[in-house]
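Worksheet for the structure shown next.
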Amino acid sequence: MPTIANNQILFVQRPAGQIEITKTFKANRTTIDTEKDVPDGGILVQNLLLSLDPAMRGWMNDARSYIAPIKIGDVMRGGGIGRVVASKNPKIKVGDLVEGMFCWQEYFLSPDGKGINVLRLPHPKLRIEDAMGSLGMTALTAYFGILDVGRPKDGDVIVVSGAAGATGMMAGQIAKCLAKNVTVIGIAGSDSKCKILVDELGFDKAINYKSPDWRQKLKEYTPKFIDLYFDNTGGPILEECLRRIATYGRVVLCGAISQYNSAPGSSTPPVGPASYINLISQRGRMEGFIVFDYQKRYPEAYSKLSQWVVEGKIKGKETVVKGLSNAPEALLALFDGMNIGKMMVQVADDSQMPKAKL
C-alpha cells in the first residue's frame with residue numbers, strides 16, 4: 001500500500017456556546033505515501049478507536065487552560081488507539097498496538113516517533129476497548145481524583161455526579177476499592193442508567209437528576225451528609241451537594257459538563273455555586289485537578305486498575321459509534337447524555353489488522 005487516502009475532520013471555527021457541526025468541523029482528505037512520507041525514525045499509525053471526552057469542548061476555546069487551544073484549521077484533537085502500519089523507527093514495530101493524541105483522522109504520521117506509546121495489555125482478558133475505557137485516561141482521572149484529591153476514608157458517604165459517564169462510573173467503583181464500608185451514591189440522567197449503576201456496577205444508591213424529587217432523594221440518601229463529592233457536572237448538582245457537605249467534607253472538581261457549552265455574555269452564561277460559603281462553616285475543601293499532572297504515576301494507576309478489572313472489582317461500559325464521519329454527531333450526543341460509560345469512535349476494525357510478533 002504505497003499510497004493511502006487519509007480522511008480527516010478539521011476544526012475550522014470556534015463555537016460560541018453550543019457546537020454547530022457544519023460550522024465547527026470540515027471533512028478533509030489527504031494522501032500519504034507509506035515509503036516517501038515516512039522519514040527515518042518516523043511511524044505511521046492507523047487509528048482503530050478515537051476517544052470522545054467532555055474536555056474537548058474546553059480545548060476549542062481560545063482561553064488560558066492546562067493545554068493550548070486547538071488551532072483553527074488543525075485536525076480535531078483527540079486521543080486514539082491504533083496499529084502501526086509503517087515504521088522506520090527501531091523502537092516500534094509494524095503491528096504494534098499504540099496510543100497517543102492521534103486526532104480525528106484515519107492515519108497519524110509521527111515524523112520522529114514522538115507522541116506514540118506502545119500499549120501492552122497485561123492480561124488476556126483485557127480488550128482494546130478496556131485500554132481506552134477501564135484503563136484509559138478517564139479511568140486514570142477517576143483514580144487520582146478519588147485517591148489523591150478525594151482521599152476516601154472508611155465509612156464515608158460518597159456522591160458522584162455524571163456517574164454513568166466514563167469517569168463517574170470508574171470513580172464510584174474505585175472508591176469502593178480504596179476504602180471500606182463506604183456508601184456510594186451515583187447521580188445520572190435516566191432511570192435506566194441508575195439501574196445499571198446499582199445492579200451492575202455496585203453503587204449503593206442512584207438518583208435520576210431529571211426526576212422532580214431528585215433533591216429530596218439526595219437528602220434522604222445522605223442523612224449524615226456528604227463526606228466526599230466527586231463532581232463531573234457543575235451547575236445545580238454541585239450547588240445541592242455543597243449544601244449537604246459534611247463537616248471536613250471534600251469536593252473534587254473533575255469536570256463541569258453542564259457548563260461547557262455556556263459562554264460569558266451569551267443567553268446561557270456559566271453558573272457558579274452560590275452555596276460555596278458552606279465550605280467555611282463546615283471546614284470543607286474544594287479542589288480541582290488535571291490528570292496530566294500525575295503522568296509519572298500512570299504505571300501505578302495502570303497496574304491497580306488492571307488488577308481490579310481482571311478481578312471483577314471494576315466493570316467498564318462503552319458506547320461505540322462506528323465511522324470517523326460520525327465523530328461530530330457522537331460528540332454532541334456525549335453532551336446530551338446519550339452515552340453509557342466511555343464514548344468512543346471505531347475508525348477501523350482491529351481484527352483485520354496485522355499484529356506484531358512478540
So with a 6.0 Å cut-off around [atom1] of [X], is the heavy-atom count from everything else above 12?
| X | atom1 | value |
| --- | --- | --- |
| Tyr248 | OH | no |
| Lys304 | NZ | no |
| Tyr302 | OH | yes |
| Met338 | CE | no |

* Are Phe230 and Phe203 in one and the same hydrophobic cluster, where Ile, Leu, Val, Met, Phe, Trp and Tyr link if side-chain heavy atoms are under 4.5 Å apart? ->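 In one cluster with Phe230: Phe203, yes.
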* Going hydrophobic residue to hydrophobic residue with side-chain gaps under 4.5 angstrom, can you get from Val321 over to Met132? ->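 Yes, Val321 and Met132 fall within the same hydrophobic cluster.
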Does a salt bridge link [X] with [Y], judged by any charged N lying under 4.0 Å from a carboxylate O?
| X | Y | value |
| --- | --- | --- |
| Arg215 | Glu220 | no |
| Asp350 | Arg83 | yes |
| Glu239 | Arg243 | yes |
| Lys219 | Glu240 | no |
| Lys176 | Asp204 | yes |
| Asp96 | Lys93 | yes |
| Asp53 | Lys342 | yes |

* To do: Answer yes or no for Arg57 and Tyr260: cation-pi contact, defined as NZ/CZ to six-membered ring centre under 6.0 Å and angle to ring axis within 45°.
  =>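 The answer is no; the distance or angle limit is not met.
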* Check: Tyr221 and Val157 side chains under 4.5 Å, non-hydrogen atoms ->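 The answer is no, as the side chains (C-beta and beyond) never meet within the 4.5 Å cut-off.
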* To do: Taking the side chain as every heavy atom from C-beta outward, state whether Phe11 and Val75 have any atom pair closer than 4.5 Å.
  =>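 In short, these two side chains do not touch, never coming nearer than 4.5 Å.
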Contact summary for [X] and [Y], nearest pair of heavy atoms:
| X | Y | result |
| --- | --- | --- |
| Lys153 | Asp156 | N-OD2, 2.8 Å |
| Ala166 | Thr138 | CB-OG1, 3.7 Å |
| Leu242 | Asn278 | O-ND2, 2.7 Å |
| Ile72 | Val12 | CG2-O, 3.5 Å |
| Ile19 | Asn261 | N-OD1, 4.2 Å |

* Asked: Does the gap between the ring centers of Trp104 and Phe25 come in under 6.0 Å?
  ->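 Yes, the ring centres sit under 6.0 Å apart.
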* Below 6.0 angstrom between ring centroids: does that apply to Phe144 and Phe289? ->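 No, too far apart.
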* With Asp40 via salt bridge (charged side-chain N to carboxylate O under 4.0 Å, His left out) - residues at least two apart ->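 Listed in chain order: nothing, the list is empty.
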* Listed by chain and number, what are the salt bridge (charged side-chain N to carboxylate O under 4.0 Å, His left out) partners of Asp37, not counting sequence neighbours? ->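 Checked Asp37 against salt bridge (charged side-chain N to carboxylate O under 4.0 Å, His left out); zero matches.
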* To do: Give a yes or no on whether the backbone of Lys322 and the side-chain of Asn326 come within a donor-acceptor separation of less than 3.5 Å.
  =>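 Confirmed, Asn326 side chain pairs with Lys322 backbone.
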